[in-house]
Amino acid sequence: MTVESGISDGRLIQLQNITRVFSVGGEEVRALRGVSFGIARGEWVAIIGQSGSGKTTLMNLLGCLDTPSSGHYFLNGKDVSRMSDDELAIIRNKEIGFIFQTFQLLPKETAQSNVELPLVYRGMPARERREKARAALEKVGLGHRMHHRPNELSGGQRQRVAIARALVAEPSMLLADEPTGNLDSATGEEIVRLFEELHRAGHTLVLVTHEPKLAARCPRAVRLSDGEVVADGPGREVALADRELPLAQAAGGA
């Protein structure tokens, strides 16, 4: 596939020879070194790597929070690599649903108001926003808690609100950053099972994590090391390639 042809095979995401170079103290730091891979619609993919591997930089690029130093990033048929900040803001609002480790909920607003927020930015009428927010909260099992504020919800419930907020605008993909990192193991398992349900429903999920156990639950994983893709394949196989992870541990649940 050439740059001029864009996405020719139905992929939602295509990265072509992506690099990202930062200037730190007068020296160049190459965070990404020629990263290339694609993600099809409806895939659930983990981006895995240890601290310093480049996965956070890649997440920022996938989320249109940053642009590459070189290379091309196609999202839903558009080359977003050289878009302006205003254009990227539109892409983020329309194409990407963000799920954060720390939930990023407005503490004084109800679950319903938090979920409505992306639709407020779109200028959607209040009645339609409320209906969509209610439907999204019901989808994640929180229809009965929509009028509660974050401090009245458990950690798992707050993450479900965050997932509903990511879903409400019907984005092309959900981008999750360490979504179980602040949860205990039982609650984290509930969230992973919710991701499994969303995957079966046809949503495109990109999950960024340093946890091999979590990557092993994904159908596919891409491992980064020193800014390069060093493995790309079935999640369990890529996770097991980490020698620090015992086989029995990877084979178990999250």
Side-chain angles (χ1 to χ4, degrees), residues 13 15 31-32 35 37-40 42-63 96-104 140-142 153-167 173-254:
I13 291 168
L15 303 177
L32 295 176
V35 171
F37 63 88
I39 296 175
E43 269 200 286
W44 180 12
V45 181
I47 307 296
I48 186 171
Q50 299 302 316
S51 178
S53 64
K55 70 180 187 302
T56 299
T57 300
L58 180 57
M59 179 190 70
N60 289 336
L61 292 174
L62 289 171
I96 305 166
F98 292 93
I99 303 167
F100 302 99
Q101 178 179 354
T102 54
F103 318 134
Q104 299 290 327
V140 300
L142 282 184
L153 301 172
S154 68
Q157 288 173 332
R158 277 177 274 175
Q159 189 59 292
R160 286 176 181 267
V161 173
I163 294 171
R165 180 184 59 195
L167 286 169
M173 73 164 165
L174 301 178
L175 181 59
D177 178 21
E178 303 284 3
T180 62
N182 279 358
L183 305 175
D184 60 64
S185 58
T187 306
E189 173 65 17
E190 293 178 6
I191 296 302
V192 174
R193 288 179 179 173
L194 177 56
F195 282 138
E196 290 174 343
E197 293 175 12
L198 294 172
H199 173 56
R200 286 194 294 269
H203 292 280
T204 305
L205 303 171
V206 180
L207 188 154
V208 181
T209 184
H210 70 280
E211 299 181 17
K213 285 194 296 181
L214 186 52
R217 298 288 292 275
C218 300
R220 177 185 170 199
V222 176
R223 179 181 289 280
L224 294 183
S225 180
D226 296 327
E228 298 179 320
V229 174
V230 295
D232 183 351
R236 189 172 182 274
E237 292 181 10
V238 173
L240 290 174
D242 188 340
R243 295 180 180 179
E244 296 179 358
L245 181 70
L247 176 62
Q249 186 180 9

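Just so you know, these numbers use all the heavy atoms, side chains as well, and skip hydrogens, waters and symmetry mates.
Residues passing the side chain to side chain donor-acceptor pair (under 3.5 Å) test with Glu196, sequence neighbours excluded: Arg217. Residues satisfying the side-chain contact (heavy atoms from CB on, under 4.5 Å) test with Thr204, not counting sequence neighbours, are Leu12, Ile39, Arg41, Met173. With sequence neighbours excluded, the residues that form a side-chain contact (heavy atoms from CB on, under 4.5 Å) with Ala164 are Val115, Ala136, Leu137, Val140. Every residue two or more places apart in sequence or in another chain that forms a side-chain contact (heavy atoms from CB on, under 4.5 Å) with Ala231 is listed here: Arg223, Val238. With sequence neighbours excluded, no residue satisfies side chain to side chain donor-acceptor pair (under 3.5 Å) with Glu190. Among residues two or more places apart in sequence or in another chain, the side chain to side chain donor-acceptor pair (under 3.5 Å) test is passed with Asp226 by none. Remark: Thr187 pairs with Asp184 by the side chain to side chain donor-acceptor pair (under 3.5 Å) rule, at least two apart or across chains. Under the rule for a salt bridge (Lys or Arg N to Asp or Glu O under 4.0 Å), Glu178 has no partner lying at least two apart in sequence or in another chain.
Under the 4.0 Å criterion applied to side-chain N and carboxylate O atoms, Glu197 and Arg193 are not assigned as salt-bridge partners.
For the pair Ala166 and Ile99, the tightest heavy-atom approach, listed with the atom from each and the gap, is CB-CG1, 3.7 Å. Here the closest heavy-atom approach between residue Leu224 and residue Val230 is recorded as C-CG2, 4.4 Å. For the residue pair Ala239 and Pro212, the shortest heavy atom distance occurs at CB-O, 3.3 Å. Considering every non-hydrogen atom in both Gln50 and Ser53, the closest pair reads O-OG, 2.8 Å. Of all heavy-atom pairs between Ser154 and Gln157, the closest is N-OE1, 2.9 Å.
Once rounded to the nearest 0.5 Å, the distance linking CG of Leu15 with CG of Leu61 reads 8.0 Å. The line from CD1 of Ile163 to CG of Leu174 is 8.5 Å long, rounded to the nearest 0.5 Å. In this structure, CG in Leu205 is found 10.5 Å from CD in Glu43, a value given to the nearest 0.5 Å. Here Ser225 contributes atom OG and Ile48 contributes atom CD1; the two are 11.5 Å apart, rounded to the nearest 0.5 Å. Distance check: Thr209 OG1 to Leu214 CG gives 4.5 Å after rounding to the nearest 0.5 Å.
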Under the side-chain contact (heavy atoms from CB on, under 4.5 Å) rule, what do Val161 and Phe103 come out as? Steps first, then yes or no, please.
CA-CA 8 Å; Val161 173; Phe103 318 134; over 6 Å; no
Do Phe100 and Asn182 pass the side-chain contact (heavy atoms from CB on, under 4.5 Å) test, and can you show the C-alpha distance, the side-chain angles, and the key distance before you say yes or no?
CA-CA 10 Å; Phe100 302 99; Asn182 279 358; over 6 Å; no
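Side-chain atoms of Asp177 and Gln101 include no donor-acceptor pair closer than 3.5 Å.
Residues Val45 and Leu207 form no side-chain contact, since every pair of their non-hydrogen atoms from C-beta on lies 4.5 Å or further apart. At least one side-chain heavy atom of Thr180 sits less than 4.5 Å from a side-chain heavy atom of Glu211. No side-chain heavy atom of Ser51 sits less than 4.5 Å from a side-chain heavy atom of His210. Residues Met59 and Leu175 form a side-chain contact, since some pair of their non-hydrogen atoms from C-beta on lies under 4.5 Å apart.
For residues 179-202, every residue pair satisfying the ring-ring contact (aromatic ring centres under 6.0 Å, His included) rule, not counting sequence neighbours, is listed here: Trp44-His199. Counting only residues at least two apart or in different chains, salt bridge (charged side-chain N to carboxylate O under 4.0 Å, His left out) contacts with residues 154-167 are absent.
When atom types are taken as modelled, the side chain of Lys55 and the backbone of Ile47 share no donor-acceptor pair closer than 3.5 angstrom.
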